[in-house]
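Report on one structure; see the data block that follows.
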Amino acid sequence: MELEQTLAKYFGYTTFRPGQKEVIEAIFEEKDVIALLPTGMGKSLCYQLPGYILQKPVLIVSPLLSLMQDQVEELKRFGEKRVVALNSFLTVSEKRYVLHFLEQYRFIFTSPEMLLQQQVQDKLSQMQLGLIVVDEAHCISQWGFDFRPDYLRIGQWFSQVNRPPVLALSATATNKVVNDIRDTLSLDTPFEFLYNVDRPNIHLGRVVFEDKADKVHWILQHVKETAGPGILYMSSRKRAEQYSEALIQAGIRTAAYHAGYGAEDRQFIQQQFIDGELDWIVATNAFGMGINKPDIRQVIHETMPANVENYMQELGRAGRDGQPALAILLYSDGDEELAKFVVTGDLPTAGHVDRYQELLNQQVHPSQMLKNGELSETAFRVLDYWLQQETMEQVKVRLNHLALEKYRAVDKMYKMTQTKDCIRKQLVGYFGQKLLKKPENCCENCGIHYDEINKVRLKEEKKIEMIPWESRLKQLLLGC
Amino acid sequence: MFHQILLQIFQKLNNERTISAAYHVLRGKRSGQTIQDIGLFQLHNYFGLLPKLPRKTFDEAVSTFLQYSWLIMQESGHYSMKKLGLQRADQTSDFLFDGWHYRGNEHVFFARFSLIVQSLSYQSAGVRTFSPISRDTAIQSWVRTFLVEHNYQDGHIQQRLLEECERVLAVLPLSEANKQLVLYRLSGHSLPGWTWQQLASERKETVLDCQLAFIELLHTLLNEVHQTNDYPLLGEVAEGLRVKALLTDSAQQTAHLYEQGYSIEQIVQIRKLKQSTIEDHLVELAMNEPNFSIGPFVSYEEAEKVWQASKHYQTKKLKTLHEVVEGMSYFQLRLVLAKGEV
Ligand SMILES: [Zn+2]
């Protein structure tokens with residue numbers, strides 16, 4: 001019962017959540033592991049707990065700086081002091097200090113970019129690590145949607161070092177992506193834990209509109225009449241702001257959320273939502289990462305997301321408390337065209353390939369393209385990686401493939417908007433799993449009685465009023 | 001508020017600069033030209049209020065002014081204020097900014113202060129874990145040290161901090177609404193802050209104006225805290241944030257050599273910079289350093305001639321002064337103007 005004791009001692013929990021124990025046990029058997037666990041299901045505990053039993057540091061490679069910061073903060077909240085983020089935010093002297101004492105940390109978070117630096121590799125190769133964690137491992141896959149070329153290079157590094165077990169974590173991945181993860185990281189007959197994709201307490205609604213104007217009307221009406229808390233996902237920042245404004249005008253406690261707002265403002269909105277001061281968040285897909293609110297009752301997609309993975313991840317934020325929740329996907333003619341336009345907008349084109357070469361010929365560093373705002377950071381990363389490996393022609397072919405692949409992903413999502421079959425069965429099938437049992441009010445096609453799930457919106461929700469500064473100051477400092 | 005500030009800057013620049021000069025002042029550009037403008041036209045208060053001000057926002061405000069016929073533009077980028085604009089500028093309120101002495105450090109103060117308040121709020125509520133409002137590790141470690149040094153766990157510091165904040169806010173000559181605004185940029189346990197958007201719509205003004213009101217309050221508060229010794233805790237939080245060395249780094253090095261007795265020519269050689277750059281530095285020094293004497297470069301009689309001409313022609317334009325005051329170099333003229341009338 002050593003695992004349970006450690007769990008209680010360091011984290012204060014008494015039981016494991018599904019999958020955690022299986023994964024941790026496999027790690028202790030020195031097996032490589034691929035674990036697919038949804039966010040909010042205690043993914044990070046799978047390496048945090050071993051960190052306290054293995055007497056060697058755990059190295060966590062994480063592709064997103066903000067996510068890394070969240071995880072570092074989380075460990076610090078549990079009272080862990082031996083945790084460090086080795087990333088590009090460190091000053092030269094801080095980095096030197098961290099590297100010097102690296103073996104003394106229990107948890108070392110780092111980015112793929114950092115891991116490729118020679119001095120970091122040198123240091124790590126002199127150390128005995130207990131476990132290497134690759135977080136958001138789907139970024140490895142070129143079929144994935146957050147493709148990070150630097151992750152491929154990590155695979156090369158793995159095959160060189162005499163390494164401890166590797167734990168690859170992801171929230172969403174298809175079979176194809178799992179295969180990519182296994183091959184790229186050269187994992188050795190890994191133990192695979194795949195959680196059950198199906199979330200039986202989330203009922204899957206779908207509404208199809210002939211006219212875009214009807215959609216606007218439907219959303220406003222629906223939000224006015226049914227109870228939150230809910231998230232309304234939008235395809236753009238501008239739309240999120242417009243809808244939010246309209247809902248506020250209608251007297252609904254709403255805020256818009258997207259990456260264009262400052263960090264403090266984003267935290268304020270999250271906290272207002274969690275504390276129940278807001279009923280609806282109108283957001284781009286930037287919202288949700290790291291938010292932990294168990295009682296979200298509705299997730300509505302104003303238009304289809306770019307792929308089924310994103311859709312599952314976003315709707316999965318509803319009903320974490322296990323109580324009935326509703327996910328509604330809205331569709332009007334031509335939404336798939338918009339989605340295709342958006343997904344490829346971020347890809348480098350053949351024109352960018354030529355431009356890259358042109359700059360090289362002029363002895364200008366190609367990152368100038370990025371500075372000029374000619375393409376996005378992700379796009380540049382992809383371009384830069386491949387052009388160092390392959391010829392221009394090969395890269396053009398590859399980019400073409402990538403665009404096609406993204407179109408295909410949109411098409412699969414589009415199918416979900418059109419299917420006459422059980423939507424749940426289709427979604428679960430997409431991830432290579434079989435639906436064992438259909439819940440009541442399963443989906444739009446099996447039949448939903450919305451009134452059995454939705455509660456009527458209570459009208460007396462009070463808008464929060466500002467109080468005088470003296471009182472607010474007292475509340476903040478003394479709690480009264 | 002933004003429009004009022006901009007009008008005031010244009011008024012002070014006295015039609016002698018391009019409109020971009022005002023933009024550089026607000027962004028706090030650390031170039032010789034902008035630093036000199038600050039001294040010449042007494043723009044210290046506005047310096048660096050909005051380091052991230054987008055050019056687009058600035059240009060939109062200027063085109064509004066053009067539309068209202070508050071000013072007209074010349075092809076060179078210079079402007080002249082019209083009667084209507086001058087009248088409007090005269091009607092604007094006096095603001096209490098002190099950009100010159102804080103240069104964005106007010107945000108460091110507030111980041112420290114917010115995290116202290118947030119920590120204490122959770123402490124009072126008996127909740128140990130929360131997401132820190134500031135992700136900046138320098139801020140976090142500063143606050144941690146501060147809290148530990150004040151034995152925050154015994155729970156007395158809350159009361160002391162409350163008392164200091166109440167006292168300092170009460171004496172600030174600013175509206176109750178602006179004090180409230182700042183309190184709602186703080187957050188605590190079960191007390192989320194409000195976003196700029198939310199505050200702006202509540203106050204029925206733009207986000208930018210809210211942010212300016214916030215900065216004005218912080219400047220006023222910091223000055224009050226620095227000028228008196230009455231706020232020990234806040235004084236600590238504000239420590240080191242008032243800019244003492246008013247010179248750019250490069251000018252500082254030149255000043256150092258000059259004080260050691262090197263001549264301009266020698267400094268040019270040592271620093272491998274152009275003579276005009278070294279002269280810029282000395283002008284900057286003249287503007288900022290009360291003990292700096294322009295005596296070695298200009299006689300008293302010459303200086304007086306320049307002051308009189310400046311008054312007579314109502315201008316600080318170097319070109320005009322160069323024409324009317326004979327036998328003086330641009331460098332000498334700039335020194336005299338920078339030093340101001342004694
Ligand atoms: Zn169904």
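By convention in this document, chain letters (A, B, ...) are assigned in the order of the sequence lines, proteins followed by strands, and residues within each chain are numbered from 1. Note: hydrogens, waters and symmetry copies are ignored here, and every other heavy atom, side chains too, is used.
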Side-chain donor/acceptor of B:Gln180 to backbone N/O of A:Ile467, under 3.5 Å = yes
Is it true that a side-chain atom of A:Gln267 and a backbone atom of B:Ser131 form a donor plus acceptor pair closer than 3.5 Å?
-> yes
Can you find a heavy atom in the side chain of B:Gln118 that is under 4.5 Å from one in the side chain of A:Leu476?
-> no
More than 12 heavy atoms from other groups under 6.0 Å of OH on A:Tyr13 | no
Does the side chain of A:Glu73 come under 3.5 Å of the side chain of B:Gln140 through a donor N or O and an acceptor N or O?
-> yes
Under 3.5 Å donor-acceptor, B:Tyr184 side chain and A:Arg472 backbone | no
Would the number of heavy atoms belonging to other residues, nucleotides or ligands and lying under 6.0 Å from CG of B:Asp94 be above 12?
-> no
In terms of heavy-atom proximity below 4.5 Å to chain B, should A:Ala85 be classed as side chain, backbone, both, or neither?
-> neither
Does B:Trp194 reach the side chain of A:Gln272, with side-chain heavy atoms less than 4.5 Å apart?
-> yes
Considering residues, nucleotides and ligands other than A:Tyr97, do more than 12 of their heavy atoms fall under 6.0 Å from its OH?
-> no
Are the side chains of A:Leu478 and B:Gln159 in touch, meaning some heavy atoms are under 4.5 Å apart?
-> yes
Any donor-acceptor pair under 3.5 Å from A:Gln271 side chain to B:Ser187 backbone | no
For atom NZ of A:Lys238, decide whether the heavy atoms of other residues, nucleotides or ligands shown that lie under 6.0 angstrom number more than 12.
-> no
Give, for atom CD of A:Gln475 and atom CG of B:Leu183, the distance between the pair rounded to the nearest 0.5 Å.
-> 10.0 Å
Side chains of B:Arg135 and A:Val72 in contact at under 4.5 Å (non-hydrogen atoms) = no
For the atom pair CG (B:Leu161) and CG (A:Leu477), what is the distance rounded to the nearest 0.5 Å?
-> 5.5 Å
Turns out that what part of B:Ser124 lies under 4.5 Å from chain A's heavy atoms comes down to side chain
Could you tell me whether the side chain of B:Leu169 reaches within less than 4.5 Å of the side chain of A:Trp469, counting heavy atoms only?
-> yes
Do other residues, nucleotides or ligands put more than 12 heavy atoms under 6.0 Å from the CG atom of B:Asn229?
-> no
With chain A, which of B:Ala125, B:Ser201, B:Ser190 has the greatest number of heavy-atom pairs at distances under 4.5 Å?
-> B:Ser190
Quick one: what part of B:Glu202 sits under 4.5 Å from any heavy atom of chain A, side chain, backbone, both or neither?
-> side chain
Under a 4.5 Å heavy-atom cut-off, does chain B meet the side chain of A:Glu264, its backbone, both or neither?
-> both
Given a strict heavy-atom distance threshold of 4.5 Å, which part of B:Phe130 is in contact with chain A: side chain, backbone, both, or neither?
-> backbone
Under the side-chain hydrogen bond (donor to acceptor under 3.5 Å, both in side chains) criterion, do A:Glu241 and B:Gln197 qualify, and how do the steps go?
-> CA-CA 10 Å; A:Glu241 284 177 11; B:Gln197 203 78 52; over 6 Å; no
Salt-bridge present (A:Glu470, B:Lys179; N to O < 4.0 Å) = no
Does any non-hydrogen side-chain atom of B:Gln198 lie less than 4.5 Å from one of A:Phe268?
-> no
